[in-house]
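Report on one structure; see the data block that follows.
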Amino acid sequence: MSKLQPVRGTRDIFGDDMRRFSHVVRIFERLAQAYGFDEISTPIFEFTEVYKRTLGETSDVVTKEMYTFEDRSGDLLTLRPEYTAGIARAYMSGGMAQAGVSRLFGWGPMFRHERPQKGRFRQFHQLDAEIIGAAEPAADVDLLALAWQLLSDLGISDRIVLHLNSLGDQESRLAYRAALTAYFADHVDALSEDSRMRLQKNPMRILDSKDPGDRALLPDAPQIADYLNERSRAFFETVCAGVKSLGIPYIHDQRLVRGLDYYSHTAFEFVTDALGSQGTVLGGGRYDGLIEMMGGPSTPGVGWAAGIERLAMLIDEPPAPMRAVALIPMGDAAEKQALVLARDLRAAGLRTLMDYKGNMKKRLNRAAKADARLALIIGDEEVARGAVVVRDLDHSTQKDCALWAVHDQVRMMLAAPPIADISPAASRDVIDAEQP
RNA sequence: GCGGGCGUAGCUCAAUUGGUUAGAGCGCCUGGUUGUGGUCCAGGAGGUUGCGGGUUCAAGUCCCGUCGUUCGCCCCA
């Protein structure tokens, strides 16, 4: 292999991968519109402070995963590792706060300097949906409904379960954190090395440790649910009730915590077992403290992000592109005519392929390989009498057609069932009936 | 950032205990067919065996490094 390779953890997306990718994005855009979200696009880099302040100094993203660099004017910039902080920043700098509740969606590349694995890249892409300015649990439910419908429309919801938890408000969280710290402090000797670090930085993360020793301590550990204050408990119950009425299957996963500092109340992940250890396909939660943390007015918010690559890996075959019409001009005069014909067919929205070289056999061959449905053959004879041969590549039938009637003829033949939809016997009949 | 597996043609894979000119299928190109495709037949192109070093008379094969990839840890989409 040559040195011309993409940077580690990045990749070119084309062919089947690109079709899957686009399909995911298209379904998302359509749904987000239906749910009343407005599209937003934010820069793929921000001042480093935007992420440092909001994600938490001790988070993995900030301590070891950011692509940070100094630009020519000496500003410290970071390629966005996630979408929410950038959108929150845009919300403030764009004066959206005056407009009341903002329902925003977007998608694009994210960058994290991690060890690549299946379903994990250094440049990856996320779908993102946020509701900023709504403090009500109904907003959380609304967002979960969008997420679930997305997974359903992609045809993958049967392989995915919603893990739902509440981290409570600030008060609840601090109380729980204190209790948790006290509990684990009594068992420091039994903790793994990683978890001893977590105990210092973010004790809640010990809860989702995979270390057997750590896990043995969990059954007796304090549970977040027992530390939720009345407000937080009511909030969570409303969210759960909404999820239930929507018929979204979920489990209350008390060990679900999120790595970023800005989360409160609702936290959730949609998880599949089909992607190895990268099972989370969509995740998010409520971040009531985020905007204040960034220096703005106290503003509630909820949101989620989904990995496009991970979703694309889970879906079945994406829809095939439109069957094409292939133009096969033979000779100079024919080529001129084909040029105009191609322009008109394309203007009419038909996928039209134009082949430039080779004998008829090769051109027909290429047309068939490109999955064209029809071939329009124009040679000197046809030019001379103002006609075109329209060949149905599925049925191996063809018709002579006057130039002025080509559009109608093409439409008619495209409307006929493709070969896949008719029985072999019927296909033979057609050929017998129409083959010259 | 840490640990394990794997890198041979565009793709999927062969190549005996280290042995001489690294093969096959698929795909691609050309011809058989001067204007009729998918089948068939014949031919062709395509490789610094990821890269670098080492051991050896001899390395695709063994050793070291490196890059990539993959699985797990960490964490997440």
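Throughout, protein chains are lettered first and strands after them, A, B, ... in sequence-line order, and every chain is numbered starting at 1.
Counting any heavy atom pair closer than 4.0 Å across all strands shown, A:Ile377 reaches a base atom. Contacts of A:Glu381 with the nucleic acid, taken as non-hydrogen atoms under 4.0 Å apart, include base atoms. Within the 4.0 angstrom heavy-atom criterion, only backbone atoms of the sugar-phosphate kind lie near A:Leu282; the bases stay farther away. As judged by a 4.0 angstrom heavy-atom cut-off over every strand, A:Glu382 is placed among the base-contacting residues. Across all strands, A:Arg112 comes closer than 4.0 Å to base atoms (heavy-atom distances). Across all strands shown, A:Gln117 has heavy atoms under 4.0 Å from base atoms, whether or not it also approaches the sugar-phosphate. Using a 4.0 Å heavy-atom distance criterion, A:Arg11 is classed as making no nucleic acid contact. Heavy atoms of A:Gly379 sit under 4.0 angstrom from at least one base atom. Heavy atoms of A:Gly15 sit nowhere under 4.0 angstrom from any nucleic acid atom. Heavy atoms of A:Ala305 sit under 4.0 angstrom from primed sugar atoms or phosphate atoms, though from no base atom. Nucleic acid contact for A:Asp392: base, since at least one base atom lies under 4.0 Å from a heavy atom of the residue.
Distance check on atom C1': B:G68 versus B:U49 gives 15 Å, rounded to whole Å. As rounded to the nearest Å, B:C28 and B:G10 have P atoms that lie 15 Å from one another. Annotation: B:G4 and B:U21 have their C1' atoms spaced 38 Å apart (nearest Å).
Distance, A:Leu327 CG to B:G35 P: 18 Å, rounded to whole Å. Going from atom CD of A:Glu114 over to atom P of B:C71 covers 14 Å, rounded to whole Å. Here the C1' atom of nucleotide B:A77 and the NE2 atom of A:His113 are 18 Å apart, to the nearest Å. We find that CE of A:Met66 is positioned 15 Å from C1' of B:C76, with the value rounded to whole Å.
In this structure, A:Phe105 has its ring center at least 6.0 angstrom away from the ring center of A:Phe37. For A:His125 and A:Phe21, the gap between ring centers is short of 6.0 Å.
Judged purely by distance below 3.5 Å, without hydrogens or angles, the side chains of A:Ser195 and A:Arg198 pair a donor atom with an acceptor atom.
Shown here for A:Leu191 and A:Phe184, the closest heavy-atom pair between the two residues is CD2-CD2, 3.9 Å.
Shown here, B:A59 forms no base pair; nothing in the strands shown gives a Watson-Crick or G-U wobble contact with both key distances under 3.5 Å. When both distances must be under 3.5 Å, the Watson-Crick or G-U wobble mate of B:G65 is B:C51.
If you run side chain to side chain donor-acceptor pair (under 3.5 Å) between A:Glu130 and each of A:Tyr83, A:Tyr287, A:Tyr91, only A:Tyr287 comes through. Checking A:Arg53, A:Arg89, A:Lys52 one by one against A:Glu46, the salt bridge (Lys or Arg N to Asp or Glu O under 4.0 Å) holds for a single residue, A:Arg89.
Remark: A:Arg11 is positioned above the aromatic ring of A:Phe121, its terminal NZ or CZ atom under 6.0 angstrom from the ring centre and at most 45 degrees off the axis.
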Exercise. Take nucleotides 27-33 of chain B nucleotide by nucleotide from the 5' end and write B, S or -, depending on whether a protein heavy atom sits under 4.0 Å from the base, only from the sugar-phosphate, or from neither.
Key: -S-SSBB
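For A:Arg8, a side-chain nitrogen or oxygen approaches OP1 or OP2 of B:U69 to under 4.0 Å.
Interatomic distance, CG of A:Leu364 versus OG of A:Ser396, reported as 10.0 Å (0.5 Å rounding).
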